[in-house]
Amino acid sequence: MKFEITSRSKRARTGVITTPHGMIETPAFIPVGTKADVKTLDIKDLHELKAPAVLANTYHLYLRPGPDLIEKFGGVGEFMGWDGPTFTDSGGFQVFSLGFGLEHGVSKVSNIFPAEEKQSRVLSGQDPKPRKKLFKIDEDGVNFVSHLDGSKHRFTAETSIDIQQKLGADIIFAFDECTSPLHDKQYTEQAMFRTHDWAKRSVQAWTNREKQALYGIIQGDAYEDLRKKSTEYICSLDTPGIAVGGSLGKSKNDMFDILDWTLPITPEERPRHLLGIGEIEDLFTASARGIDTFDCVSPTRIARNGSVYVSPAEGGNPKNKFNINIRAQKYAQDSGPIDKDCTCFTCLNHTRAYIRHLFASGELLAMRLATLHNLHFVFGLMEDIRGAIRGDSLKNLMSEWGIDDKI
RNA sequence: GCAGGGUUAGUGAAGCGGUCAAACACGUCAGACUGUAAAUCUGAUGGCUUAUGCCUUCGUAGGUUCGAAUCCUACACCCUGCA
């Protein structure tokens with residue numbers, strides 16, 4: 001992998017990541033294809049959308065169909081028939097989402113209000129309805145039971161890297177522990193040190209350096225000293241790229257702070273990936289802070305659940321100005337496209353009324369059309385962001401979108 | 001014509017004297033979703049100037065009872081046997 005910065009505008013930059021499977025213009029949004037497919041889409045769709053890459057998942061592909069089988073087929077990309085760049089996540093996120101996250105019903109950005117109250121209940125063991133977690137963490141690694149069949153397994157830094165080398169993605173991630181916004185500082189610090197140890201071991205286990213680029217992952221939640229310490233340590237390791245991971249706090253402001261603490265002290269020449277983030281607003285604010293690549297399930301997941309992106313001119317929902325719930329009754333007779341200015345397949349061919357009808361009827365096409373639209377929208381947005389960085393006008397673009405950011 | 005069974009909120013269907021504005025399912029409406037256990041999940045769903053409140057509802061009309069969706073009578077419609 002090679003990374004070249006092509007322009008700079010304040011803290012933002014554009015660049016090109018060159019992988020064995022092609023180039024990625026950055027900042028870029030990488031759609032998530034957990035089980036070696038972007039849900040509802042095929043590779044022809046991904047090509048037509050100009051998807052820059054696909055991010056698959058180590059945990060899921062390890063359980064099924066298994067890394068040895070994928071290796072026989074020449075890696076995830078070959079296996080799925082995708083000739084573009086690929087990423088694999090390390091499985092670290094599942095340690096969280098199927099562990100603490102499942103147990104206490106939290107995601108990586110806490111949306112629980114009031115978060116402090118929930119946090120104190122969880123920390124004092126007063127959470128009223130904990131569920132049985134599937135992962136148990138120790139210093140050396142993680143024991144877990146498969147969510148598919150209950151079988152017992154163990155991941156360590158070494159096994160994660162070994163699996164990822166068999167999966168063969170162009171960009172791979174160190175095995176890490178993603179904490180929750182509800183963990184206290186003491187635990188977060190312990191987890192951070194564990195992640196540092198695992199990162200070091202991930203680097204040692206990483207042997208396929210010609211073809212695969214390893215990214216270390218910065219942890220530390222929303223604690224300034226921890227994030228800075230973690231950034232220094234992760235950047236001291238010999239990895240081609242750096243990722244910001246883990247819990248990103250209790251609000252968007254926390255996330256801004258985290259990026260402000262970490263990115264200015266990472267080496268400029270290494271590409272920076274922001275794990276699991278990618279709502280419309282975030283793509284602007286994190287690009288402005290110097291993030292180069294994103295991955296996120298949001299555009300594809302909310303599409304399947306009936307939320308589709310709209311530009312500021314369309315209005316959007318009162319609570320979320322960048323999307324509308326296309327299932328709503330008020331669109332039943334709407335003869336316009338999802339977004340007037342959108343040139344995606346869905347908007348060129350179908351009305352809001354038709355898409356709403358497909359959702360109401362439970363038709364699979366509804367999810368596919370919505371996914372095509374949302375990804376086209378996000379990829380177009382990233383192109384606009386890159387153009388704005390080159391033209392030194394990102395701030396203007398953001399104000400056109402009504403994004404108020406102090407940066 | 002005789003005998004038996006049935007008629008409950010948008011639909012199907014529980015309830016068979018008080019704790020019933022009425023279970024449950026579906027439907028409908030609204031909301032959530034950020035390194036995907038997610039075509040998932042949550043809430044609302046008789047009306048009201050939103051309430052440990054009032055009003056109207058369980059085929060129709062009467063009746064019994066302190067009290068009826070629940071018991072009785074008549075009527076209407078539907079189903080099943082026998083003529």
Side-chain angles (χ1 to χ4, degrees), chain A residues 29-40 54-61 63-64 87-99 101-102 105-113 131-135 144-150 160 171-178 181 215 217-219 243-249 251-252 255 273-283 285-286 293-307 317-320 322-325 327-330 332 356 358-371 374 378:
Chain A
F29 176 82
I30 313 303
V32 176
T34 303
K35 300 173 191 170
D37 75 311
V38 176
K39 295 185 195 300
T40 77
V54 172
L55 182 141
N57 184 270
T58 298
Y59 165 82
H60 290 279
L61 294 177
L63 289 180
R64 191 166 58 192
F87 293 50
T88 47
D89 179 34
S90 62
F93 182 72
Q94 279 65 40
V95 175
F96 161 72
S97 70
L98 298 176
L102 176 65
V106 278
S107 67
K108 64 183 265 144
V109 179
S110 178
N111 50 5
I112 298 160
F113 183 81
R131 295 178 64 182
K132 196 170 163 43
K133 60 183 176 188
L134 302 176
F135 281 67
F144 63 96
V145 296
S146 160
H147 70 282
L148 297 173
D149 61 6
S160 173
I171 292 172
I172 64 176
F173 290 96
F175 190 54
D176 69 325
E177 180 183 348
C178 177
Y215 282 41
I217 302 176
I218 297 165
Q219 287 288 344
V244 179
S247 159
L248 297 170
S251 68
K252 296 254 187 206
M255 186 166 87
H273 187 274
L274 182 54
L275 283 159
I277 291 299
E279 290 180 349
I280 298 298
E281 196 180 353
D282 307 331
L283 297 174
T285 55
T293 52
F294 298 85
D295 75 276
C296 189
V297 303
S298 186
T300 48
R301 181 189 287 167
I302 70 172
R304 272 175 276 124
N305 294 330
S307 292
N317 285 336
K319 283 185 188 168
N320 188 340
F322 300 122
N323 69 48
I324 60 171
N325 176 4
R327 294 168 308 163
Q329 173 63 40
K330 62 183 166 186
R356 184 195 117 86
L358 294 177
F359 269 108
S361 308
E363 286 296 302
L364 295 175
L365 183 57
M367 290 182 276
R368 182 173 144 70
L369 292 176
T371 302
N374 279 5
V378 169

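Below, read A as the first sequence line, B as the second, and so on, with proteins coming before strands; counting in each chain starts at 1.
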note: A:L102, atom CG; B:rA38, atom C1'; distance rounded to Å ~ 13 Å
| field | N or O in side chain of A:R304 less than 4.0 angstrom from B:rA38 OP1/OP2 | value | no
inquiry  = Does a side-chain N or O of A:R356 approach OP1 or OP2 of B:rC29 to a distance below 4.0 Å, or not?
reply    = yes
inquiry  = When you compare the side chain of A:T300 with that of A:K39, does any pair of heavy atoms fall below 4.5 Å?
reply    = no
Phosphate-side-chain proximity, A:N57 and B:rU36, N/O vs OP1/OP2 below 4.0 Å | yes
Re B:rC16: Watson-Crick or G-U wobble partner, both distances kept under 3.5 Å, found to be none
Checking N1-N3 plus N6-O4 or O6-N4 for Watson-Crick, or N1-O2 and O6-N3 for wobble, each under 3.5 Å, the partner of B:rC2 is B:rG81
When A:M367 and A:S90 are each assigned the nearest nucleotide of RNA chain B, the 5'-most assignment goes to A:S90
Rounding to an integer number of angstrom, what distance separates B:rA3 and B:rG47 when you compare their C1' atoms? 43 Å
Of the candidates B:rU34, B:rU40, B:rG35, the side chain of A:E279 sits closest to B:rU34
(Q) Would you say A:S298 places a side-chain N or O within less than 4.0 Å of OP1 or OP2 belonging to B:rU34? (A) no
Rounded to whole Å, the NE2-C1' distance (A:H147 to B:rU36) equals 10 Å
Checking B:rG35, B:rA37, B:rU34 against the side chain of A:L98 (C-beta onward), the nearest is B:rA37
For B:rU57, the nucleotide meeting Watson-Crick or G-U wobble distances (both under 3.5 Å) is none
Under a 3.5 Å limit on both distances, the Watson-Crick or wobble mate of B:rA51 is none
Q) If the C1' atom of B:rA61 is compared with that of B:rU11, how far apart are they to the nearest Å? A) 28 Å
To the nearest angstrom, the CZ-C1' distance between A:R327 and B:rC41 comes to 11 Å
Note: for A:L148 and A:A328 on RNA chain B, the residue whose nearest nucleotide lies more 5' is A:A328
Does a side-chain N or O from A:Q94 land closer than 4.0 Å to OP1 or OP2 of B:rA37, or not?
yes
Answer for the Watson-Crick or wobble partner of B:rU70, both distances under 3.5 Å, is none
Rounded to whole Å, the CG-C1' distance (A:L274 to B:rU34) equals 9 Å
Picking from B:rA37, B:rA39, B:rA32, the nucleotide nearest the side-chain atoms of A:S97 would be B:rA37
Of B:rA30, B:rA39, B:rU34, the nucleotide closest to the side chain of A:K39 is B:rA39
Testing B:rA37, B:rA38, B:rG35 for proximity to the side chain of A:R301, the answer is B:rA38
As its Watson-Crick or G-U partner within any shown strand, both distances under 3.5 Å, B:rA44 has B:rU28
Any strand, both distances under 3.5 Å, Watson-Crick or G-U wobble: B:rA21 pairs with none
| Less than 4.5 Å apart, any side-chain heavy atom of A:R301 and any of A:V32? | no
| query | Can you say whether the rings of A:Y59 and A:F135 are parallel (under 30°), tilted (30 to 60°) or perpendicular (over 60°)? | reply | tilted
If the cut-off is 4.0 Å, is A:N325 near the phosphate of B:rG31, judged by side-chain N/O to OP1 or OP2? yes
